[in-house]
Amino acid sequence: MSEYQNDPLPDDTADDSLLSVDEICAKINGLARRRVPLKCDRLTMFVDVQKALLFYVVIAWAEDFTGAVIDYGSWPDQHRHEYSLADANPSIQTLFPKAGFEGALYAALSALTDECLGREWEREDGAVLKIERALVDANWGQSTDVVYQFCRQSSHAGVILPSHGRYVGASSKPMTEYRKQQGDRLGFNWMIPNVAGKRAIRHVIYDTNYWKSFIHARLAVPVGDKGSLTLYGRIPGAHQLFAEHLTAEYRIKTQGRGRTVDEWKLKPQSHDNHWLDCAAGCAVCASMLGATLPELGAARPALKAKIKLSDRLTGTPTAEVASRTGKLKLSELRSRKNG
């Protein structure tokens, strides 16, 4: 950035509308780690793939996007509160010294998913839940084929999918305007496209800018209100590193195509933002499972008039049948007026 490259960094990347590290740390719910809040009945997981570590987050959600981070960490476990990707010890390679990059990554993904997807998570009322949707980051070119192979061959193949985060800026076509092709599944700022070729496995594409803003919006909702995202535990300081990941990026509000969107960029002094990516991915999983905010809920399509067989036999006028749903064609209105 010494020559700016026609894109100088802002003098101040602080955003008063975003929570600080201390404010995020303070959003605790008092529950033990891996304990699901009573209101939540959906569990989601996201895995961010790096060469030395796998970062993951597990979030429990309610249908209205009230959520709780019930577990997060890295694999292999670093056994310390403060660490970074650069000083990982142990790393994936040290645990599998005889394997190549692909074999070591495959083994690491197997170990992590068996541990998280294979376990049962207990809710406050004693109910037992399991993770219903998990995504694995497949954006890194060196790991993409391995991630696809793993998701296809995994014993948890019915739950886990590869994912690709897309940078959808203000000048880009929003995913909400994508046209559905045959075999596609379109969601709210995410989609599962039809597939072909050697990577013939369903995968998820989502708008990273939107879902990062969404996570920060959930963090900004006060504890107790609908749509609030909280953290497990009773000690705020325990989440210092997690909060630093969540605040490792700043947003720039950009206008284009008649709309204003947040575009997220890594802060110059930050290096690790992996748990932010994981939290955003967990929100995508929740949307795939049917969670929605009341203000984002899609209106139900109007019901078409249904004509019963008895109406046909008795000769009930079409206009009378249509009036049951409050819909009349212009021709029917004229016939009733002249009738």
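Sequence positions, counted from 1, serve as the residue numbers for this chain. The structure presented is a predicted model; accordingly, all values stated were derived computationally and were not measured. The figures that follow rest on heavy atoms only: side chains count, while hydrogens, waters and symmetry mates do not.
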Exercise. In terms of heavy-atom contacts, does CZ of Arg234 have more than 12 from other residues, nucleotides or ligands at under 6.0 Å?
Worked result: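 Check fails, neighbour count at 12 or below.
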
For this session: Could you tell me whether Lys51 atom NZ has more than 12 heavy atoms of other residues or ligands within 6.0 Å of it?
Result: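 No, NZ of Lys51 has 12 or fewer neighbouring heavy atoms, counting only those of other groups under 6.0 Å.
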
Can a donor-acceptor pair be found between the side chains of [X] and [Y] at a distance below 3.5 Å?
X: Tyr83; Y: Ser74; result: yes
X: His164; Y: Asn139; result: yes
X: Asp48; Y: Gln50; result: yes
X: Thr44; Y: Trp61; result: yes
X: Asp225; Y: Ser228; result: no
X: Asp22; Y: Ser20; result: no
X: Asp114; Y: His156; result: yes

Exercise. Do the ring centers of Tyr72 and His239 come within less than 6.0 Å of each other?
Worked result: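 Yes, the ring centres sit under 6.0 Å apart.
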
Interatomic distance, [X] atom [atom1] to [Y] atom [atom2] [nearest 0.5 angstrom]:
X: Lys173; Y: Met175; atom1: NZ; atom2: CE; answer: 11.0 Å
X: Thr94; Y: Asn89; atom1: OG1; atom2: CG; answer: 6.5 Å
X: Leu229; Y: Ile59; atom1: CG; atom2: CD1; answer: 5.5 Å
X: Trp211; Y: Asp262; atom1: CH2; atom2: CG; answer: 14.0 Å
X: Leu43; Y: Glu120; atom1: CG; atom2: CD; answer: 11.5 Å
X: Ser143; Y: Gln149; atom1: OG; atom2: CD; answer: 12.5 Å

What pair of heavy atoms forms the shortest contact from [X] to [Y], and how long is it?
X: Leu112; Y: Met45; result: CG-CE, 3.9 Å
X: Phe150; Y: Ser110; result: CE1-OG, 3.4 Å
X: Leu105; Y: Ile92; result: N-CG2, 4.3 Å
X: Val49; Y: Asp137; result: CG2-O, 3.4 Å
X: Ala286; Y: Phe65; result: CB-CE2, 3.6 Å
X: Asp41; Y: Leu129; result: CA-CD1, 4.0 Å

Between the main-chain N or O of [Y] and the side-chain N or O of [X], is there a donor-acceptor pair closer than 3.5 Å?
X: Thr144; Y: Ala138; answer: yes
X: Thr66; Y: Gly227; answer: yes
X: Ser172; Y: Gly169; answer: yes
X: Lys39; Y: Gly67; answer: no
X: Ser213; Y: Asn209; answer: yes
X: Glu263; Y: Ala170; answer: yes
X: Thr113; Y: Leu109; answer: yes
X: Lys253; Y: Thr260; answer: no

Exercise. Taking the six-membered ring of Phe214, is NZ or CZ of Arg218 closer than 6.0 Å to its centre and within 45° of its axis?
Worked result: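 Arg218 over Phe214 ring: yes.
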
For this session: Flag this pair as yes if the NZ/CZ of Arg123 is under 6.0 angstrom from the six-membered ring centre of Trp121 and inside a 45 degree cone about the axis; otherwise no.
Result: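 The answer is no; the distance or angle limit is not met.
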
Side-chain heavy-atom pair [X], [Y] within 4.5 angstrom cut-off:
X: Asn29; Y: Val223; answer: no
X: Tyr106; Y: Gln153; answer: yes
X: His271; Y: Ser84; answer: no
X: Thr208; Y: Trp264; answer: no
X: Arg34; Y: Arg119; answer: yes
X: Pro162; Y: Ile201; answer: yes
X: Met288; Y: Ile192; answer: yes
X: Val284; Y: Phe46; answer: no

Cationic N near anionic O, under 4.0 Å, [X] to [Y]:
X: Arg166; Y: Asp207; answer: no
X: Glu249; Y: Lys212; answer: yes
X: Glu132; Y: Arg42; answer: yes
X: Asp184; Y: Arg179; answer: no

Are [X] and [Y] connected, step by step, through hydrophobic side chains (Ile, Leu, Val, Met, Phe, Trp, Tyr) whose heavy atoms are closer than 4.5 Å?
X: Leu95; Y: Val146; value: yes
X: Leu117; Y: Val57; value: no
X: Leu246; Y: Tyr56; value: no
X: Val69; Y: Leu19; value: yes
X: Val47; Y: Trp140; value: yes

Problem set entry | side chain to side chain contact (heavy atoms under 4.5 Å, CB included) between Ile70 and Arg35, intermediate numbers included | CA-CA 6 Å; Ile70 62 174; Arg35 193 70 176 266; over 6 Å; no

For this session: Starting from the C-alpha separation in whole Å, work towards a yes-or-no answer on side chain to side chain contact (heavy atoms under 4.5 Å, CB included) for Ile131 and Cys116.
Result: CA-CA 8 Å; Ile131 294 175; Cys116 293; 4.3 Å; yes

